[in-house]
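All remarks here apply to the structure that follows.
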Amino acid sequence: MKDLASRLAQAKTVAVAGHVRPDGDCVGSCLAVYNYISTWYPQIEADVYLEPIPNIFKFLKNAEKICHSFDLDKTYDLCIVLDCGDTGRLGEAVKYFETAAKTICVDHHVSNGSFADENYIFPNASSTSELIFELLEVEKITKEIAECIYVGMVHDTGVFQYSCTSAKTMNAAGVLMEKGINFSKIIDDTFYTKTFCQNQILGQALLNSRLFLDGAVIGTAVSQEEMKKFQVMPKHLDGIVSQLRVTKGVEAAVFLYENEDHTWKVSMRSNGKVDVASIAMKYQGGGHVRAAGATMEGEPLKIIEKISMEVKEQLDDKWNY
């Protein structure tokens, strides 16, 4: 696939969907595609399906048009899935994918199994949003579309500091900046600014943290009780695992939070020597070499210890730890 335009030519109805618990790259790429269609293909009936998004992304154009309910029984000519490695991560939106006449997946997860009819998968890309930038005509990227793409790139690169950032990423960011976006405000408002409650739960997570594997791994967990105490939801926990990752001497960071069904959402980050995607995939999760996740059962300490042993095996085998 060289461009998105050719794939829209024959479609009269299009569904756009991303993964459960949408993050910046998921929201940004989905709204970029939706805004592209609604701006340049008004004859197409398009809908975008996502679970409720964090408030920080609601400034993006047409964020209010996101369908958070999946009750509508509708069949589409085309379903475009973004930033999603498998159908299980689509949540309830999977029904629109399964019934669509044609499906497309655009993603950068190394664990993606190319599950759509047509797949545009590049694991070395910084973000799905960067891939969307490549698939759109530059002259048709409006300021509002540029804002969506920039948000996604900022969040999946950690403001262009992660190893997934390339010269191509920075060139794309430059083009987006030339569209007139307020790039510094986007970074401050969506990446750095936290509420008081978010800072409190970060503090609690840091107080709960422990070192494992002689300091090569840092891990922590927050319970449902703690989340209720500080009045936060899962969408407010972004950034905690990244803060753990920058601990001196650490090779991998592990952050857990308790789901309502008492399973644990596990987020992992690597500083380069550890492939956390391969660990996540052992537990039916996925992601990238340096950022991955899964859902696991058990006691949080036991889960972190289990992951630490996986890290040790990699370090022993590959890096003579």
Side-chain angles (χ1 to χ4, degrees), residues 18-27 50-57 68 83-94 107 109-112 155-156 158 194 197-198 200-210 212 217-245 252-270 274-311:
H19 61 70
V20 294
R21 295 183 292 274
D23 58 8
D25 189 27
C26 179
V27 175
L50 288 173
E51 291 180 353
I53 67 173
N55 291 334
I56 55 175
F57 302 131
H68 301 308
D83 201 38
C84 190
D86 58 71
T87 54
R89 291 275 289 156
L90 278 174
E92 294 183 62
V94 70
D107 188 28
H109 290 88
V110 68
S111 54
N112 192 296
H155 280 259
D156 257 27
K194 304 294 182 186
C197 292
Q198 284 178 294
Q200 285 189 308
I201 195 66
L202 168 62
Q204 185 65 59
L206 295 176
L207 287 173
N208 293 348
S209 66
R210 291 177 53 181
F212 300 80
V217 175
I218 186 169
T220 191
V222 295
S223 65
Q224 276 283 319
E225 182 180 353
E226 288 170 322
M227 291 168 67
K228 290 175 182 176
K229 175 183 176 181
F230 295 108
Q231 300 179 320
V232 296
M233 295 183 287
K235 67 180 182 178
H236 299 132
L237 304 177
D238 284 351
I240 292 179
V241 69
S242 295
Q243 186 60 50
L244 294 172
R245 183 190 65 81
V254 185
F255 171 61
L256 283 65
Y257 69 79
E258 188 178 12
N259 295 313
E260 290 186 1
D261 63 359
H262 304 299
T263 60
W264 295 85
K265 176 67 176 68
V266 183
S267 296
M268 293 174 278
R269 297 292 185 271
S270 166
V274 179
D275 177 357
V276 291
S278 66
I279 297 175
M281 290 171 70
K282 290 184 179 181
Y283 302 99
Q284 291 72 56
H288 315 292
V289 171
R290 296 185 64 169
T295 298
M296 299 175 65
E297 297 180 352
E299 296 295 322
L301 180 59
K302 296 291 186 183
I303 292 173
I304 298 172
E305 288 176 342
K306 186 181 296 186
I307 292 171
S308 295
M309 289 302 98
E310 298 280 0
V311 171

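Note that the structure is predicted; figures quoted are calculated from it, not measured.
No side-chain heavy atom of Leu206 sits under 4.5 Å from any side-chain heavy atom of Thr220. Counting heavy atoms from C-beta on, the side chains of Val110 and Asp275 never come closer than 4.5 Å.
A donor-acceptor contact shorter than 3.5 Å is absent between the side chain of Asn259 and the backbone of Asp261. A donor-acceptor contact shorter than 3.5 Å links the side chain of Arg290 to the backbone of Ser270. Checked by atom type and distance alone, the side chain of Glu51 never pairs as donor or acceptor with a backbone atom of Val20 at under 3.5 Å.
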Scan the side chains in residues 237-245 for donor-acceptor partners under 3.5 Å anywhere in the protein, sequence neighbours excluded, and list what turns up.
from, atom 1, to, atom 2, distance (Å)
Ser242, OG, Tyr162, OH, 3.3
Arg245, NH1, Asn271, OD1, 2.6

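Considering only residues two or more places apart in sequence or on other chains, Phe255 meets the ring pair (Phe, Tyr, Trp, His ring centres under 6.0 Å) condition with none of them. With sequence neighbours left out, the ring pair (Phe, Tyr, Trp, His ring centres under 6.0 Å) criterion links His109 to His288. Residues meeting the salt bridge (charged side-chain N to carboxylate O under 4.0 Å, His left out) test with Glu310, sequence neighbours left out: Lys282. Scanning for side chain to side chain donor-acceptor pair (under 3.5 Å) contacts around Asp23 gives His19, with sequence neighbours left out. Listed by chain and number, the residues in a side chain to side chain donor-acceptor pair (under 3.5 Å) with His68 amount to none (sequence neighbours excluded).
Between the NZ atom of Lys194 and the CD atom of Gln200 there is a distance of 15.0 Å, given to the nearest 0.5 Å. Atom CG in Leu301 sits 10.0 Å away from atom CG in Leu256 (nearest 0.5 Å). Distance check, rounded to the nearest 0.5 Å: NZ of Lys235 to CZ of Arg21 gives 13.5 Å. The distance from the CE atom of Met268 to the CD1 atom of Ile304 is 11.5 Å, given to the nearest 0.5 Å. One distance of note links CG of Asp107 with SG of Cys26; it measures 10.0 Å at 0.5 Å rounding. Note that the OH atom of Tyr283 and the NZ atom of Lys306 stand 5.0 Å from one another [nearest 0.5 Å].
Of all the heavy atoms in Val217 and Ser308, the pair that sits closest is CG1-OG, 3.6 Å. Asp86 and Gly88 make their closest contact through OD1-N, 2.9 Å (heavy atoms, listed as atom of the first residue, atom of the second, distance). Of all heavy-atom pairs between Phe57 and Gly24, the closest is CZ-CA, 3.4 Å. Shortest non-hydrogen contact noted between Ser223 and Trp264 is CA-CH2, 4.2 Å. In terms of heavy atoms, Gly287 sits closest to Ser111 at N-OG, 3.0 Å. Shortest non-hydrogen contact noted between Ile53 and Pro22 is CG2-CG, 4.0 Å.
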Problem set entry | Check against side-chain contact (heavy atoms from CB on, under 4.5 Å), Val222 and Met227 | CA-CA 7 Å; Val222 295; Met227 291 168 67; 4.2 Å; yes
Exercise. Between Val274 and Ile279, is a side-chain contact (heavy atoms from CB on, under 4.5 Å) present by the stated rule, with each step listed?
Worked result: CA-CA 9 Å; Val274 179; Ile279 297 175; 4.1 Å; yes
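The number of heavy atoms from other shown groups lying within 6.0 Å of CD (Glu297) does not exceed 12.
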